[in-house]
Structures are given as structure tokens and as C-alpha cells.
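See below for the structure under consideration.
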Amino acid sequence: MNMIDHLPALQVIVPLISAPFCILMRNHMLAWAVAVVASGAAFSLAILSMGFVSDGATLTYAMGGWEAPYGIALEIDAFSALLTVIISGASLLALLAGAASARQQLVDEKQPLFFSAWLLALAGLLGITITADAFNIFVFMEISSLASYVIIAAGPHRKALGAVFKYLVMGTIGATFYLIGVGLIYMMTGTLNLEDIALRLNDVSDQRPIFVAAGFITIGLALKAAVFPLHVWMPNAYNYAPHIVSAFIAACATKVSLYVMMRFDFMVFQPNLVGHEFQFSYFFMPLALIAILSGAVVAALSRDLKRLLAWSSVSQIGYIVLGASLTTEAGLTSAIAHMFNHALAKGGGFLIAMGAALYYTTTRFSNLAGLGKEHPWIAAAFVVIGCSLIGVPGTAGFISKWLLVSAALEQGALGVLIISVVVLSSLLAVVYVWKVVELFYFAPRPEGGSSDVMQVRKPEMLLYMLVLGLVAGANIWFGIMPGEPLALAGQAAQALLGGSL
Amino acid sequence: MVWLDLYHYWVFAILLMIGYFSVIAKRNLVKKLIGLSLFQSAVFLLYITMGKVDGGTAPIIGMTDKTDIFSNPLPQVLILTAIVVGISTTALGLSIVVRIKEAYGSIEEDVIHQKDQVE
Amino acid sequence: MIELFNVFLMSMLIITALAMVSSRHLFVTVMLSGFFSLLIAAIFLLLDAADVALTEAAVGAGISTVLFLGALALMDVEETVRGEKWIRIFSLFVVAVTTLALVYAAFEQPAFGDPNAPIHQHVAPWYIQHVPIHMDIPNIVTGILGSYRGYDTLGEVFVVFTAGIGVLSILGDPVKNRRQRVVKKAGLRHYLIPRLVGRTLIPFIVLFGLYVQFHGEYSPGGGFQAGAIIAAAIILFAILEGEDQALKIIPMRGLYFLMASGALLYAGVGVATMLMGGRFLEYGVLADTMVAGQQWGILLIEAGVGMTVTGVLLTIFHAFAARSNL
Amino acid sequence: MEPWIPFQYIPLIPLVGVVAILLGARVNDNVREAATLITALMTALAVWGFAPAVMEGQRFSVTLLDEVLPGIPLALQLEPLGAMFAILAGSLWVVNSVYSIGYMRGNKEKNQTRFYVFFAVSIAAALGIAFAGNAFTLFLFYECLTLSTYPLVSHKGDEKTIKSARIYLGVLISTSICLFLPAVIWVHSVSDGAFAAGGILSGVLSGPEVGLLLGLFVFGIGKAAVMPVHRWLPAAMVAPTPVSALLHAVAVVKAGVFSITKVVIYLFGVDFLFAQSTVGWMLYIAAFTIIVSSLVAIQQTNLKRMLAYSTIGQLSYVVLAVSVLTPLAEVGATLHMVAHAFGKITLFFAAGAIYVAAKKTELYQLAGIGRRMPWTAAAFTIGAISMIGVPPTGGFVSKWYILAGAFQSDNFVAIATLIVSTGLTATYFLPVVYSMWFGKEIEGPVANHGEAPMAMVIALTTTAALTLLFFFLHGPVKVMEQQVLLGAL
């Protein structure tokens with residue numbers, strides 16, 4: 001077999017295999033290097049497979065040589081390719097930028113364990129994205145969740161522990177709900193392969209268990225995706241995680257759950273359940289609207305940069321869910337495009353928090369005042385990324401907002417409500433972003449501020465600035481040239497509505 | 001009788017409820033974890049139950065003379081995996097509880113919450 | 001008669017669960033949860049799930065109980081605070097809604113044990129039919145676990161691995177922790193009878209573990225159960241002789257190595273099949289014939305599972321013990 | 001003059017200038033300011049180069065990116081209206097740069113490099129607006145302009161400034177997101193949104209929809225400062241004077257009224273709007289804004305604030321002229337854009353010169369200042385009479401055309417508004433002018449002062465001269481605007 005044929009398998013296996021190597025590294029720099037190399041490899045593979053699927057093809061792989069539904073099949077289509085790029089890209093960039101931050105927040109000897117868990121989280125997320133098997137999704141979901149608990153719990157503040165425990169309990173409930181749903185489906189169809197399920201559900205006349213299964217799966221995944229009001233675990237988990245972890249997890253983790261949810265609801269249930277479309281729509285749309293507003297309000301009231309960003313995520317996830325809840329092609333395209341654009345903006349936001357904390361130890365506003373004078377480039381990058389969060393034209397965030405509003409316009413009267421909520425929350429985003437901009441540029445440095453608490457090594461800093469520049473640049477680049485992600489998003493939306501896997 | 005045909009399912013539902021309730025309602029972190037594993041055990045029962053075939057045997061060829069009817073092996077495979085996942089989660093959860101106890105001196109959620117507020 | 005026994009076990013299960021949740025004494029709760037695991041294992045056995053029963057007994061009654069006890073040694077065993085009223089009402093509400101959903105789902109399900117249920121028509125019969133052809137081993141569960149759904153099992157090994165490094169990362173290196181704390185207890189070395197009984201038992205337990213490991217293709221068992229059993233033997237040794245002795249037999253570095261190499265062995269088999277021209281985990285290419293290749297593959301990956309599980313369970317045990325003077 | 005660079009690269013010239021300014025700042029201030037001046041000159045020359053071709057009827061258009069969003073390109077085009085705005089912005093930037101150098105040095109401002117950099121970025125954004133080929137591109141550069149002027153408005157960085165800058169940004173961003181953006185998306189969802197002579201919405205929208213969309217545009221383009229979205233303009237008075245001059249005369253407010261004009265002519269189409277019954281309110285809003293802002297201006301005691309309210313009123317002249325919807329009035333609108341630019345920039349330059357030389361900001365302090373600063377006072381006088389609309393100034397020409405246009409369609413509301421507001425404008429400008437020349441001097445913060453620095457005086461006399469010249473030489477602008485209308489009619 002040609003190595004290219006193994007692409008889907010390699011995508012998961014490379015980071016997976018690198019994880020055990022990581023703990024065998026005695027030196028923390030080596031462990032970091034292993035993680036960087038593995039992430040880099042995963043990222044290149046993701047880009048490669050994106051090239052293969054961009055013309056509408058799908059890459060499939062039968063694990064162990066057993067064809068589905070008897071074996072486990074892997075599958076990369078436009079949607080999953082986009083997700084793999086987001087995930088591996090977030091991991092690579094966060095790792096590259098975070099070398100100094102990891103040294104600041106983590107004990108050296110724990111770093112091999114930490115980076116090993118990091119790679120497992122990466123492999124888990126990639127595994128969920130690529131597999132086409134309902135139970136395999138569960139297994140990899142657990143790898144990624146357990147690994148995420150570990151790397152979040154590495155946060156130096158004791159509040160991280162409470163946050164992780166909450167995350168663990170809610171995450172496990174979510175996963176178990178998912179398992180119940182899959183069990184009910186399996187009971188009625190006898191198969192676990194997603195495509196096969198969709199096919200065989202056609203013949204199932206008893207819809208009640210399927211209906212309940214849809215409920216359990218959707219709610220379980222919504223829990224993992226931090227969809228309002230199931231988001232309670234998320235702000236603290238993001239806030240108290242080590243900065244390097246926030247940058248990674250916030251960019252991609254919840255999106256993977258949303259991805260699975262959208263696949264199930266649109267590909268499996270939609271064609272086979274009567275009225276599923278409306279139920280999905282009426283269930284999620286109000287929640288999304290409330291999430292968009294409440295997340296933005298809390299963010300606007302925050303006094304800490306990371307907390308602000310975490311709550312802004314609640315609101316931004318609302319956008320994705322809102323787009324999906326329109327259940328139209330335009331709506332889904334906007335949702336999927338926003339996954340990508342939000343990853344850019346939010347990953348970048350947490351990178352800023354990371355850089356700020358390098359110099360001022362915490363991300364509390366009182367500490368960050370006047371950052372712009374001492375570190376003009378970090379502040380400038382925040383302006384760009386903040387604009388993307390608001391959705392200023394010329395940035396990536398604008399593209400998704402445009403798509404969402406266009407999609408809402410198709411809805412008639414309901415669209416007006418949606419647009420007004422989106423507009424209102426954009427204004428709130430202006431408030432919370434500009435609060436920080438003013439803080440950076442106009443507030444005076446606190447007297448005797450704890451400046452330069454750790455010795456920052458030159459190469460690490462250079463790497464950080466490079467990555468930050470790259471992310472900020474990408475926010476602009478994809479605001480002006482969104483062709484590639486948009487094309488993938490459009491394809492993905494068509495595939496979702498086409499009902500074929 | 002439909003009700004009785006499904007009695008394993010009812011046991012599953014009841015166990016699930018007990019576990020679920022204690023996860024949400026209990027304030028003691030260890031209790032929450034115990035509830036969580038109960039919650040998961042219930043799901044194991046759901047899967048294993050659905051794999052049973054009347055008059056079947058364990059899916060091992062040659063164990064008994066009746067080689068023609070086996071219970072469904074697939075749910076068993078899934079649950080083997082799920083059990084392992086469950087214990088892994090529990091172990092991780094417990095280690096976090098240990099650290100919480102050391103950091104806060106308590107494993108009662110309300111006490112921890114109060115101490116966080118004071119800060 | 002069997003039905004009646006089943007009903008009895010089920011009722012016991014529910015009663016135990018209720019007792020677990022309502023007991024205010026955490027020690028009692030933990031012991032009851034061990035009992036619960038034994039009960040449910042018995043039920044699994046009655047439902048023809050021998051492998052699952054063995055695993056549940058080893059994990060639920062064994063490992064999980066030890067872990068909980070290890071953790072409890074550090075904490076108050078009394079549950080002191082009752083949740084506020086609104087939380088309880090809210091919880092009841094959530095639980096009630098979930099119950100209603102489950103009840104709603106109930107009535108269109110296939111009846112218990114119905115051989116015509118969809119799950120017995122699709123996929124599973126194929127497995128039962130093909131395991132003898134593809135790999136010629138008696139235990140169909142092992143066949144599916146190791147080969148048809150070998151990728152799931154790979155994931156499972158990595159879940160265990162994650163838990164191992166997770167606990168280490170959260171609780172810290174046991175050796176270092178022990179050095180920092182004054183740990184006086186040296187096991188039960190001064191109690192003659194337990195020591196004597198224990199020491200005689202340990203070799204048998206290990207032997208049993210190895211049997212379970214390598215006989216998994218023929219009878220219930222496999223890498224995971226074997227790993228749990230062998231780990232249990234060493235844990236017993238540690239309890240009897242003291243941790244330091246146990247750490248002398250397998251030091252922490254060795255455990256790291258065991259954890260990592262087990263996982264790597266499993267994944268390595270997959271990579272090897274890839275290099276030999278097959279797909280990932282396509283064991284057929286490992287030997288001349290399909291059947292031989294499959295058998296080799298399953299043997300190897302089961303060994304990998306066993307190594308990782310043993311390593312991880314011991315690591316977790318040490319990590320807890322170092323904190324809690326067990 | 002010949003075009004020496006493809007027009008789509010013109011907005012890049014200021015951006016290249018940014019790099020030059022940053023590099024120059026490393027050497028010394030003189031090099032930096034030379035870089036600014038050269039960039040400004042190059043920009044002006046580049047846009048002037050296209051004037052003859054455009055007047056002969058040539059049109060240029062180019063698509064920069066095929067699909068920024070599905071079916072929506074980033075497109076630029078050069079047509080008479082945009083060319084005129086670009087010429088205005090580019091040329092006044094030169095004058096403004098000369099003035100800025102004098103002001104910033106004379107006033108010893110901090111962060112001068114930042115100032116010049118964002119000034120150049122703002123000009124680039126303004127040029128982008130001028131060349132926008134569709135609604136989406138227009139919106140893109142509109143927001144760029146808002147953001148790039150924020151650092152200029154908040155230049156001082158003290159608490160009062162930040163608060164005002166917050167109002168500036170808040171009003172502009174929120175109007176644009178709430179109203180302008182939905183309008184743009186709406187346009188693109190029903191058409192291709194490309195600006196075309198004669199409009200593109202005729203037959204696509206009808207009835208109340210037209211009125212609603214127009215409303216979204218008029219209030220969404222907050223830079224046009226139509227009441228009640230004018231609040232940002234007085235707030236922005238905290239900025240250094242060259243910035244005020246830029247905001248009021250060159251880039252920002254002009255970009256606002258320019259955008260409205262462009263939308264009315266190229267998206268709706270004059271004829272189409274004229275036939276609609278649901279767009280009449282625009283005239284009344286404009287008239288209301290003119291009258292009220294003049295009344296408010298009368299009550300002001302601070303020179304710059306008075307000028308700010310005067311600007312609000314003058315801008316609405318343009319909106320009023322546009323909403324009269326007759327060809328002559330459209331010509332008047334364009335002429336007024338230019339005439340007001342010259343007049344108002346002169347007034348602000350004068351105000352800034354007075355501040356630098358005498359540190360005087362309040363109206364009562366200005367008494368007798370004409371004797372110490374004759375050039376400045378003379379320029380101020382010319383600017384003021386242009387605002388009122390007295391010949392021989394540019395202000396007269398544009399008002400004449402607007403009036404003529406109003407008579408064309410017997411629009412008595414517009415006629416009455418013009419007459420009343422002329423009276424009101426005279427009421428608040430003439431006393432100031434009178435006291436400048438004939439009042440008795442009051443001791444100010446600086447006792448014995450002469451004229452402001454040379455650079456400033458040169459700049460303000462130049463613009464004053466332009467104001468006068470425009471009375472005689474407004475032909476080209478008229479030609480250009482008629483070109484537009486020929487296309488439209």
C-alpha cells in the first residue's frame with residue numbers, strides 16, 4: 001500500500017505513538033520537542049489530506065483491513081479535514097508559542113508527563129474527528145477528555161482543581177449520555193458504523209427509542225461542547241488552566257463535540273426521524289440566542305483577561321450553534337466557517353493572555369494596565385484579534401458574521417430577531433474588547449508593578465512573537481482571502497444536508 | 001407482558017437514576033465519584049442485557065455442546081472497553097479529590113466554594 | 001429457576017445502590033460499592049458475558065475499592081454537609097426528566113432475550129461466523145476485541161495510559177513524595193499470619209494472571225484482566241511488605257517503561273503491519289497465513305495491553321499510597 | 001497630467017509611506033516629516049493624474065479578490081464621484097501635512113510618529129472608500145477608517161480624551177454594525193451589490209423596503225453625522241487640531257456624506273428614489289439637522305465646538321442636496337462637499353494656529369486677535385464667509401446649485417431651510433469675525449504672541465486661497481459630477 005493511503009490512520013497514530021515516547025524523555029526540553037514534532041507532523045498530514053478532499057472526495061480507511069460495518073472505518077471529508085487542520089494547527093502553534101509559558105507555570109520534571117498528556121489530547125481530538133464509528137468516537141472522546149483534565153489540572157492555582165473536577169464530572173455525564181444514546185441506537189439497528197446506522201434506520205419503524213437516543217446523544221454532546229446552559233464547567237476550566245493549555249483547548253476542544261453533534265443530528269437523525277429538523281431548531285435556537293447575549297454580558301463585566309476570553313467563548317459557541325440551528329445550507333456554512341474563524345481569534349486571544357502573563361504573572365486587569373507601552377507588539381496583536389472577535393470587516397470574524405446574518409435573512413421575520421441579537425452581541429463584543437484595548441494603551445502602569453518576574457529567554461520569546469504575529473496575520477488573511485476554509489465549510493454543509501456520509 | 005419482558009431495562013433505569021441523582025445532588029466529592037461510577041455501571045447493564053439471547057451461551061466456541069446459539073459478543077466487547085474507561089476516569093477523579101483535600105482541607109463542595117469566595 | 005435468581009440479584013443490586021448513596025459514612029459506601037461490583041459481575045455472568053464479569057470483578061471489586069480506600073485514608077470519612085434544598089429539588093427534576101425519556105423509549109424496544117432483535121441479525125452473526133475462519137480461536141469476544149475492533153482496544157490502552165500519567169502528573173512522583181513525608185508504616189510486616197498467608201498466595205495470583213493473559217483466546221480473559229490481576233498481586237505484596245520493598249522489585253522508572261512500552265508494543269504491531277503492506281492493525285500480514293497472522297497479532301497486542309495495565313495500575317497505586325501512608 | 005500608476009495601487013502609496021515614516025523616525029524627525037510630505041505629494045499627484053482621463057469619460061475598474069465571500073468580490077472602480085473625493089483627500093493631505101508639522105512641533109506633542117502613521121493609514125482607508133466598487137468593499141474600508149482614526153482622536157491619552165474617543169468609536173462602530181452592515185448584507189443578498197450608474201435596486205426592492213434600506217444607510221453611515229447620530233463629532237473635538245481638520249474637512253465626515261451620495265446615486269439611482277413615496281423623510285431629517293445644529297452652534301462658547309456643530313449642519317447640506325433628487329442639486333451636493341472641505345479646513349487651521357500661538361480656545365478670548373495674527377484672522381474670515389455662502393467663496397457656488405436644484409422640483413422645504421440656515425450661520429460666525437478684527441484684546445495665557453509657526457500659516461493661507469479660487473474654478477468638479485449624472489440619467 002502507498003503511504004498516502006494510510007493518511008487517515010497516520011493522522012491519529014502519529015501523535016498517539018509519540019505520547020509514550022514523551023514520558024521517557026528525561027529532559028523537559030526534549031519532551032517539548034517531541035510534542036512539537038508530533039504536532040507538526042499531524043498538522044502537515046492535515047494540510048495534506050485537506051488537499052485531497054478539497055475537490056469533494058473523501059478518504060476512507062478500513063482499520064485492520066476489516067471493512068465497515070464489521071471493522072472500524074476512518075473517514076476524512078471536507079468537514080473533518082477542516083477540523084483536523086484546526087486541531088493540529090492549534091496544538092502546534094500553542095506549543096511553539098508556549099515554551100516560555102510552560103516553563104513559567106510547570107515544574108520542569110512534570111513536563112514530560114504534561115506534554116505526553118497534551119499529545120494524547122491532540123490524538124483523541126483527531127481520533128474523534130476522523131472516525132466513522134459511533135463507539136470509537138466514545139473511546140477517543142475519553143482519551144481526549146482524560147488528557148484534557150490532566151493538562152488543565154496542571155494549572156498552578158488551586159482553583160484549577162475545582163474547575164477540573166467539575167469538568168470531569170460533567171464531561172463524564174456527557175460521555176455516558178452519549179453512550180446511552182449509542183446503546184439505544186445499536187439496540188434498534190445492530191450496527192455502530194455511522195453510515196450503516198443512517199442506512200438501517202430507514203427500515204426501523206419504531207421511532208421512540210431512536211428519538212430518545214437522539215435526545216441523549218445531542219444533550220451529551222452539548223454538555224461536552226459547553227452549549228448554554230451546559231457551559232458551567234467551561235469558563236473556570238479555561239481560566240485556571242495553564243495558559244498554554246487554554247490557547248490549545250479553547251481553540252478546538254468544544255468544536256469537536258459540536259462537530260460530532262452536527263454529524264449525528266444532520267446525517268443520522270435528520271433523514272430518519274420525523275420532525276427532527278424542527279425539534280433541533282427550536283431546541284437550540286433560543287439557547288444559542290441566550291448564550292450569545294449572556295456570554296457577552298459576563299465577558300464585558302470581567303476583570304481578568306482569561307476570564308473575559310472564556311466567557312466570550314460561551315457567546316461565540318452560541319454563534320456556531322445558532323448557525324446550525326437554522327438547519328439551512330447557509331446557516332451550516334456559517335457555523336462551520338465560524339468554527340475555523342473563532343479558533344483563530346480565540347486561540348490568538350489566549351496567546352495574548354499567555355504573553356501578558358509571562359511579563360506580569362497574572363492576567364488580572366490591574367496587572368495588565370499599560371501593557372501597550374512596554375510591549376507594543378503584543379498589544380497590537382490584541383487589537384487585531386479583538387477586531388476579529390468583534391467581527392470588524394477585514395478580519396476572519398467578520399466573514400462568519402456576514403454569513404450568519406445572510407443566513408438569517410433567509411428566515412424572514414425570525415431573521416430580524418436573530419440579526420438584532422447578533423448585532424447587540426457584536427456591540428457587547430466592542431465593549432469587552434475595547435475595555436482591554438484602553439487598558440493596554442491608556443491606563444498607567446501600576447506602581448512598582450511585578451514586571452519581568454521570570455527570565456525570558458530570547459529564542460523562546462522570538463518564537464512566541466513569531467507565532468503571535470502569524471496568528472494575528474491569519475486573522476486578517478482569512479478575513480480577506482477566506483476562500484479555502486469557506487469552500488470546505490460550504491462542502492461540509494452540503495454533505496451534512498445531503499444526508500450522506 | 002411488556003413490562004416484565006423489560007425488567008432488566010427497568011433495573012438499568014433505576015440504577016441510572018440513583019447514580020445520576022447522587023452525582024448532581026451530593027456535595028461530597030467522593031460521593032459524587034461513587035455516583036458517577038454507579039451511573040456508568042447502569043449503562044454497562046443496558047448493553048450486556050441487550051446482548052443476551054434466550055437459550056444462548058457465552059460466545060466461546062466449544063465451551064459447551066450447544067454450539068449453535070451464542071449471546072451477542074459485540075456489546076460485551078464494547079463494555080469491556082467502557083469498564084476500563086470508567087476506572088480510568090475514577091482514578092483520575094480521585095487523584096484530583098486528593099489534591100483538593102490537600103489544598104482546601106475539605107472535600108465538601110460548599111466548604112471549598114466558601115474558601116474560594118473568601119480569597 | 002435461573003430467572004428467579006436473576007431477579008434476586010437485581011433486587012440486591014438496587015438495594016445496594018440505594019444503601020451506597022444514602023450512607024453518610026464513606027467507608028461503608030466504598031465497601032458497598034465493591035459488593036455492588038461483585039453482584040453486577042454475577043449478573044453479567046448470568047447474561048453470558050464471562051469476560052465482562054471477570055473484568056468487572058477485578059476492576060470494580062478489586063482495583064477501584066483499593067483506590068477509594070487509598071484516597072479515603074487521607075480524608076474525613078463522614079459526609080458532613082447535605083446539599084441545599086433547591087439543589088436536591090433541581091436534581092430530582094433533572095433525574096425525573098431523564099427517567100421519563102427512558103420510559104418513553106422503553107415500549108418499542110425488542111423484548112429481553114428475543115433472538116429476532118435487530119442486534120442479533122446484523123454484524124454480530126457475521127463475527128460469530130467469521131472468527132473461526134479468520135483467526136480460529138474459540139473466544140469470539142477476544143477475536144472482536146483484538147482484531148475486528150482492535151482500534152477501539154488500542155484507544156482503550158491509551159485511555160489507561162492517560163489515566164496513569166494523569167495521576168502521576170496530578171499527585172506527583174511517588175518516590176519523591178515519600179521522601180518528603182515521613183512514612184513510618186512498613187506494611188504488615190509485623191503481623192505474622194497475614195504475611196504468611198499473603199506470601200503463599202502471591203505466586204499463585206501471579207500465575208493465575210499469566211494464565212488469564214495467555215489463555216485469553218480460549219477462555220474468558222485477556223490482557224486487561226491479567227494486568228489487573230498481576231497488579232493486584234504486587235499491590236498485595238506492597239501492603240504486606242511495605243511500599244519500599246515493592247518499589248525495589250519494580251522501581252518507578254521501570255513502571256514508566258512498562259506503561260510506555262505496552263502502549264508502544266500495541267501501536268508498534270499496527271505500524272509493523274503497515275510496513276509489511278497491510279493496513280494498520282491488519283494482523284493477517286504478520287505471518288504466512290491469515291489465521292496464523294491474526295493469532296500472532298492478538299497475542300502480541302494482548303501482551304501490550306497486559307503490560308500497560310499492570311504498569312498503570314501499579315503507578316496509580318504508588319501515587320496514592322505515597323500521599324496517604326497506606 | 002498622465003496616470004503614472006494603476007489606480008488600484010494608489011491606496012497603497014500611503015501604506016508604503018507608513019513604512020517610510022517608521023524608518024524615517026529612526027533617523028530623525030526631519031526625515032520622518034519629509035517622508036510624510038513626499039508620500040502626501042505622491043498620493044496627490046497620483047490621483048490628479050487620473051483627473052483628465054476621468055473627465056473625458058474613462059472609467060477604470062478592477063477586481064482585487066474574486067470571492068472574499070461567496071459571490072462577493074473585493075472590487076475597486078474609479079468613477080468621477082470617487083475620483084473627486086480621492087483628489088480632495090489626497091490634495092488636502094499635502095496641505096494638512098505641512099500644517100501638522102507646524103502644529104505638532106509648535107505644540108510639542110508626544111508620540112508624533114504614531115500620529116503620522118495613523119494619519120497615513122486613515123488616508124489610505126479614505127482612498128479605499130473613494131474607489132470602492134461595491135457595497136461590501138465600501139463597508140470594509142469604512143470600518144478601516146473608523147478604527148484607524150481612533151488612535152488619532154485619542155492621541156492625548158488623558159482620561160477626558162479617552163472618554164470622548166470612546167464615544168467617537170462607540171457611535172461609529174455601533175451605527176455601522178447595527179444599521180450599515182445589515183443594509184450592506186441586504187443589498188448583497190438581493191443583488192450583486194456592485195455600484196453602477198443608474199442604480200441597481202430599481203425593480204428589486206419596492207415600497208417600504210426602499211425607505212427602510214435607505215434609512216439603514218443614512219443612519220448607519222454615522223460619519224455623515226445626521227442627527228441623532230451626530231454625537232461623535234463634538235466628542236472628537238478632543239483630538240489635536242490637524243486631526244479635527246482631517247476629520248471634518250478631509251477624510252471622515254466627507255467619507256460619510258460621500259458614501260451616502262454614492263449609495264443614493266449608484267445603488268438606488270436618483271430616478272428610482274425620486275419615484276418612491278417612502279424616502280421623503282430623508283429631506284426632513286437633513287433639514288432638521290441643519291437647523292438644530294445651527295441653533296446649537298450659536299450657543300457654543302468654545303471655538304472648536306462651534307466649528308463642530310457647524311460641520312454637522314454643513315454635512316446635512318450635502319444630504320439635503322442629495323435628497324432633493326434633482327440633477328442640479330446632485331451637482332450642488334458634490335460642489336458643497338469640496339467647498340465645505342476648503343472652508344472648514346481653513347477654519348480649523350486657523351483655530352489650531354490660534355491655539356498654538358496664543359493658547360486660546362474660547363470665543364470671548366479671540367477679541368482683537370486679528371491685529372496680532374492678521375494672516376490667520378484673514379483666513380478665518382474667508383472660511384467663515386464661505387460657510388455662510390457669500391461670494392466670492394466656494395460656499396456660494398455650491399449653495400447656488402443646491403438652491404437651483406430645489407427650485408427645479410419646487411422643493412420649498414429645502415429652499416426655506418437653506419435661507420433660514422444661512423441666516424443662522426451668519427449669526428454665529430459674523431460676531432466672531434467682527435470681534436477678531438475690531439474687539440478689544442483680552443489677556444490670554446500667552447501675553448505677547450505673533451503669528452503661529454510658518455508651516456501653519458502657509459497651510460492656512462493656501463486653503464483660504466483655495467476657498468476663494470473655488471468660486472472661480474469649480475468647472476472641473478461640475479463637469480465630473482455631470483458625468484456621473486449623465487450616466488445616471
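What you see below is based on every heavy atom in this structure, not just the backbone, and it leaves out hydrogens, waters and symmetry mates. A, B, ... follow the sequence lines: proteins, then strands. Residue 1 opens every chain.
- The nearest pair of heavy atoms linking Ser71(B) to Leu47(C) is OG-O, 4.3 Å.
- Crowding of His25(C) atom NE2: a count of heavy atoms from other residues, nucleotides or ligands under 6.0 Å exceeding 12.
- At a 4.5 Å heavy-atom cutoff, the contact between Leu74(B) and chain C is made by backbone and side-chain atoms alike.
- With a 4.5 angstrom heavy-atom cutoff, Leu67(C) touches chain B via backbone and side-chain atoms both.
- The most heavy-atom pairs under 4.5 Å with chain B, out of Thr55(C), Ile89(C), Leu45(C), Val309(C), come from Thr55(C).
- For a residue to count as touching a neighbouring chain, one of its non-hydrogen atoms must lie under 4.5 Å from one of that chain's; by this rule Ile40(C) touches chain B with the side chain only.
- Here Val94(C) is the residue among Val94(C), Ile63(C), Leu46(C) with the most heavy-atom pairs under 4.5 Å with chain B.
- Closest non-hydrogen pair, Lys31(B) versus Met20(C), comes out as CE-O, 3.3 Å.
- For Ser23(C), the part lying under 4.5 angstrom from a heavy atom of chain B is the backbone only.
- For Tyr148(C), no part lies near chain B; criterion is any non-hydrogen pair under 4.5 Å.
- Only the side chain of Ile43(C) comes within less than 4.5 Å of a heavy atom in chain B; its backbone stays farther off.
- Side-chain N or O atoms of Gln109(C) include none that pairs as donor or acceptor with a backbone N or O of Met50(B) at under 3.5 Å.
- Under the side-chain contact (heavy atoms from CB on, under 4.5 Å) test applied with Ser22(B), the options Thr29(C), Val95(C), Val21(C) reduce to a single match, Val21(C).
- Looking at Lys52(B), its side chain never comes within 3.5 Å of a backbone N or O of Ala49(C) through a donor-acceptor pair.
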Full working for side chain to side chain contact (heavy atoms under 4.5 Å, CB included) between Gln76(B) and Ile144(C): CA-CA 10 Å; Gln76(B) 303 186 10; Ile144(C) 303 174; over 6 Å; no
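- Annotation: side chain of Leu29(B) is not in contact with side chain of Met75(C) (no heavy-atom distance under 4.5 Å).
- The CD1 atom of Ile60(B) sits 4.0 Å away from atom CG of Asn139(C), with the distance rounded to the nearest 0.5 Å.
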Trace of the side chain to side chain contact (heavy atoms under 4.5 Å, CB included) decision for Phe320(C) with Leu94(B): CA-CA 9 Å; Phe320(C) 273 98; Leu94(B) 265 180; 3.6 Å; yes
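- In plain terms, the two heavy atoms of Phe112(C) and His8(B) that are nearest each other are CZ-CE1, 3.2 Å.
- Contacts of Thr90(B) with chain C are made by side-chain atoms alone, with heavy-atom separations under 4.5 Å and no backbone atom involved.
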Step-by-step side chain to side chain contact (heavy atoms under 4.5 Å, CB included) determination, Arg149(C) to Thr81(B): CA-CA 11 Å; Arg149(C) 297 191 71 88; Thr81(B) 306; over 6 Å; no
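- With a 4.5 angstrom heavy-atom cutoff, Leu26(C) touches chain B only via side-chain atoms.
- For Ala117(C), no part lies under 4.5 angstrom from a heavy atom of chain B.
- Neither the backbone nor the side chain of Leu54(C) comes within contact range of chain B, judged by heavy atoms closer than 4.5 Å.
- Interface remark: of the candidates Leu80(B), Val11(B), Val23(B), Ile14(B), Leu80(B) forms the most heavy-atom pairs closer than 4.5 Å to chain C.
- When the candidates Met17(B), Arg99(B), Glu109(B) are compared by the number of heavy-atom contacts under 4.5 Å with chain C, Met17(B) comes out ahead.
- Ile96(B) touches chain C through backbone and side chain together, each having a heavy atom under 4.5 Å away.
- Among Val30(C), Thr98(C), Asp51(C), the residue making the largest number of heavy-atom pairs under 4.5 Å with chain B is Thr98(C).
- Ranked by non-hydrogen atom pairs under 4.5 Å with chain B, the options Val52(C), Val7(C), Val59(C) are led by Val52(C).
- Looking only at heavy-atom pairs under 4.5 Å with chain B, the residue among Thr99(C), Leu72(C), Ile316(C) that has the most is Thr99(C).
- The contact between Val123(C) and chain B is made entirely by side chain atoms (from C-beta outward), counting heavy-atom distances below 4.5 Å.
- Using a 4.5 Å heavy-atom threshold, the side chains of Ser33(C) and Leu38(B) count as separate.
- Contact tally against chain C (heavy-atom pairs below 4.5 Å) for Ile18(B), Val84(B), Ile83(B), Val85(B): the top residue is Val84(B).
- At least one donor-acceptor pair under 3.5 Å links the side chain of Asn72(B) to the backbone N or O of Ile119(C).
- For the pair Phe36(C)/Leu15(B), a side-chain contact is recorded, criterion being any heavy-atom separation below 4.5 Å from C-beta on.
- Residue Phe12(B) touches chain C through its side chain alone, counting heavy-atom pairs closer than 4.5 Å.
- For a residue to count as touching a neighbouring chain, one of its non-hydrogen atoms must lie under 4.5 Å from one of that chain's; by this rule Ile107(B) touches chain C with the side chain only.
- Residues Ala163(C) and Leu92(B) come closest through the heavy atom pair O-CD1, 4.0 Å.
- Under the 3.5 Å distance criterion, the side-chain polar atoms of Tyr9(B) are matched with a main-chain donor or acceptor of Leu102(C).
- Note on Val97(B), Leu45(B), Leu78(B), Leu16(B): by heavy-atom pairs under 4.5 Å with chain C, the leading option is Leu45(B).
- If you tally non-hydrogen atom pairs under 4.5 Å between each of Phe68(C), Phe90(C), Tyr127(C), Phe224(C) and chain B, the highest count goes to Phe68(C).
- Contacts between Pro125(C) and chain B at a heavy-atom distance below 4.5 Å are absent for every atom of the residue.
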